[in-house]
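All heavy atoms count here, side chains included; hydrogens, waters and symmetry mates do not.
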Amino acid sequence: MIKFSNVSLIYPHSTKTIIEGLTFSIQEGEMVLVMGETGSGKTSLLRLINGLVPHHTGGILAGDISVDGISTREVKPGSLAHIVGIVGQNPLNGFVTDIVEEELAFGMEALNFPHDVMRKRVEEVLDLLGLNAVRHRSIATLSGGEQQRVAIGAALVMHPKVLVLDEPTSALDPIAAEEVLSLLHRLVHDLSVTVVIAEHRLERVIQFVDRIIYIEGNGETAIGPAEEVLKTAQLVPPIIRLARALNLSEVGTSVREVRRLTEDIRSQTFETTEIMPAETSVVIEVNELTINYGDQRALKGVSTKIHAGEIVAVMGRNGAGKSSLLHAIVGSQLPTKGQVRVHQKDPALLKGADRRRSIGYVPQEPSDLLYAQSVRAECAQADRDNEITEGSTFAFLSRLVPHISQETHPNDLSEGQRLALVLSIVLSGNPELLVLDEPTRGLDYQAKNLFALALKEYASTFNRPVLLATHDVELVAELAHRVLFLAEGDIVADGSTLDVLLSSPAFAPQVAKVMSPKPWLTVSDVVKAMAQ
Amino acid sequence: MKRSLHPLTMWIWALLLIAAVVLADSAWVALSAIGVATALVIARRDNSPWGGSYWIALRIGAVILVIRAVVGILIGVPIPGRTIFTVPIIDLPSWMPGIRLGGAVTLERLSSSLHEGLIIATVIALFGAATSLTSPHKVLRTLPFFIYEIGITLVIATSLFPQLAHSARRIRLAQQLRGHEKISWRGLALPLLEESLSRSLQLAAAMDSRGFGVSRKRSRYRPEKWQMSDSAIVAITMALSSALVLA
């Protein structure tokens, strides 16, 4: 179906070859995962399939790519619209119309399909994706999972033979992600659609994929069946790390397989030593907090206390009120009712240097904070702002990510490097509390590890609290002491990470699923318990 | 769901009012046009990202009004009348005859510049109202497109403006939380420009890969019908504008 023969790609004004001498072919009805570090060229590879690269973006392409027998060199991406459906990283940026139905019909309108065919196919796709209830709604009002399904539907109405998806679950909560992935699985099995998918959160996808294309960043690529590639790969999900740590003879990609391989370990008994966290002083106090947007209720009388040295994860479905809670705590959203106190002060009144010393905030789009022309200028600004010795911000940054050039423009950094830069700037004010809104979107495992270490160090050395909203179950398992679980504006669970994550099958991390009923969340938990 | 009009109706409405305001050349007509537009935008507001364009247009209009007034006071031909105050005259070289900097500011001179400023501000506000009241995406789809590249360019351009408002709010908030209350234009403009560009490119790429502009003809899933209410609005506006101009 898709054939790459000796394909190399290089962008103009760049010295780095994105892809070199890549040859592979993908059969009809295969599901293939493209993985690699952030910025390694996954998106470029996906866009090569329908010719967006190089027709749309520029770049020098050598070799030949053909899809269903058509060479992408000869035709523009639009002429492949009925063969290749492509769903971009952020579906919201790719929507052309406002209403669900119209969005589904857009591609067919552009290709001048007759009216009766359009009506039939729109109905078909609405049923297939379970979108019938929202067909007349404005796309902007849908949840993240629904938007993602609309984007997939808009590609499916063209009856494409190939579906290409760029990180389709990165903005979704675990349940919505599960919905989208099982939908793809069904398309592959029932309709024999060929699916090519790029994803960082391997734990979500590997059980579904047949083969993996691993871009190793140095121009090399490895292609093969999932188990084989993962055996030696650097970036691997927890389930593979578990198999490596336990020296299992095989690696498995699904919970079921690895459970079979670890039966004897689970049957042993281990002593569990529970460490009770010491009571520390209260830093954040949220009291009967209610927030309304117009007649919409985002939070309904939420109360909680957050203590010094605690790392607290705020979880819940998209639209459960996570961001509203965070915004109220940093003082950018005034409560409709109730109050928030940070060290007995109202966070909304903090200004300038006082604010930098009290609350460090990393927004959902870290680049919102950046505007200087180079990493050097950005760090110097932070040094000046906080009256600290010149170069300390950069020194901290190089500890997080070594080998970063001072002259780089912040836009040219990878997602992980940019997050590290923003984190260094925010921490240069030595804030008494750190708040992060979905910080790990688009980060690979290595970047995520570095980031988790930095947060842990901050919380433990200064005995200060960290509050983060996230969908990333594995990160929470590694990092957080406590989880606040929100649903429809209420706190529905508040307890230790272990209790909250284990009590909900959808939010349990991979290791916990494999090792259930043993109370272990991460690979290191397992290793520690076995060593005793 | 509010009853939807044909996407072009509000644009025709705005253009007719603009013609009336310019031709009637009266401050009262201009002020009432702004009043009507404001009432309409408030009555038909929704949470769409372009819904705020009207308020931005109003602000731009106000800035123009002020600039026009200041320029009117400082530069220009003296208009005789009641003097309010006098600005010292600055001598200009002899090769710039007919232009005077400073001098007596008469009531007539001030009001005529304010008047001109108001007309320009109204025209901008009415354009803003039309953008606020209809989705730019819908308008675009009703336009015939002759050339593929122009179609793409139009999409990029129209999607840029409304998103700017939303992103600007978000970025300003983030920087306030970094403790930078006074945000330089660079602090806002650079992230804003970067984001709008990348968003527009993504939109264009999405349209490109979905076959936009491949076929010369295009069919309609749900044709935008020109309805009685559209004709009524256009007829009433037309009657009103001609009455204003002729009066």
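Heavy atoms of A/Val362 lying under 4.5 Å from chain B are absent altogether. If you measure heavy-atom distances from A/Arg357 to chain B, you find no contacts under 4.5 Å at all. A/Leu111 touches chain B through backbone and side chain together, each having a heavy atom under 4.5 Å away. If you measure heavy-atom distances from A/Leu80 to chain B, you find no contacts under 4.5 Å at all. Contact annotation for B/Arg170: both backbone and side-chain heavy atoms come within less than 4.5 Å of a heavy atom of chain A. For B/Gln175, the parts lying near chain A are the backbone and the side chain together; criterion is any non-hydrogen pair under 4.5 Å. There is no contact between A/Gln89 and chain B, counting heavy-atom distances below 4.5 Å.
Between B/Arg210 and A/Glu103, at least one side-chain N (NZ, or NE/NH1/NH2) sits under 4.0 Å from a carboxylate O, which counts as a salt bridge. Ion pairing between B/Arg178 and A/Glu378 holds under the 4.0 Å rule for side-chain N and carboxylate O.
The greatest number of non-hydrogen atom pairs below 4.5 Å with chain A, out of B/Ser198, B/Ala205, B/Ala189, is found for B/Ala205. No other option in B/Leu188, B/Ile171, B/Leu177, B/Leu190 has as many heavy-atom pairs under 4.5 Å with chain A as B/Leu177. Ranked by heavy-atom pairs shorter than 4.5 Å toward chain B, the options A/Leu104, A/Thr57, A/Asn411 are led by A/Asn411. Chain B forms the most heavy-atom pairs under 4.5 Å with one residue out of A/Asn50, A/Leu52, A/Asp354, and that residue is A/Leu52. Among the candidates A/Gly107, A/Ser332, A/Gly360, A/Gly51, the residue making the largest number of heavy-atom pairs closer than 4.5 Å to chain B is A/Ser332. Note on A/Val122, A/Val87, A/Leu350: by heavy-atom pairs under 4.5 Å with chain B, the leading option is A/Val122.
Checked by atom type and distance alone, the side chain of A/Arg356 pairs as donor or acceptor with a backbone atom of B/Gly179 at under 3.5 Å. Between the side chain of B/His180 and the backbone N or O of A/Gly352, no donor-acceptor pair lies under 3.5 Å.
The minimum heavy-atom distance linking A/Ala81 with B/Ser209 is given by the pair CB-O, 3.5 Å.
In this structure, the separation between OH on A/Tyr371 and CG on B/Leu192 is 14.5 Å, given to the nearest 0.5 Å. Here CD of B/Gln176 is found 8.5 Å from CZ of A/Arg355. Values are rounded to the nearest 0.5 Å.
Shown here are the side chain to side chain donor-acceptor pair (under 3.5 Å) partners of B/Trp226, two or more places apart in sequence or in another chain: B/Ser231. Under the rule for a side chain to side chain contact (heavy atoms under 4.5 Å, CB included), the partners of A/Gln364 that lie at least two apart in sequence or sit in another chain are A/Ser323, A/Asp437, A/Glu438, A/Arg441. Listed by chain and residue number, nothing satisfies the side chain to side chain donor-acceptor pair (under 3.5 Å) test with A/Ser367 (two or more places apart in sequence, or in another chain).
By the 6.0 Å contact criterion, CZ on A/Arg135 is enclosed, its count of non-hydrogen atoms from other residues, nucleotides or ligands being greater than 12.
Defined by atom type and a distance below 3.5 Å, a donor-acceptor pair is missing between the side-chain atoms of B/Tyr221 and A/Glu102.
Of residues 421-430 of chain A, those residues lying under 4.5 Å from chain B by any heavy-atom pair are A/Ile425.
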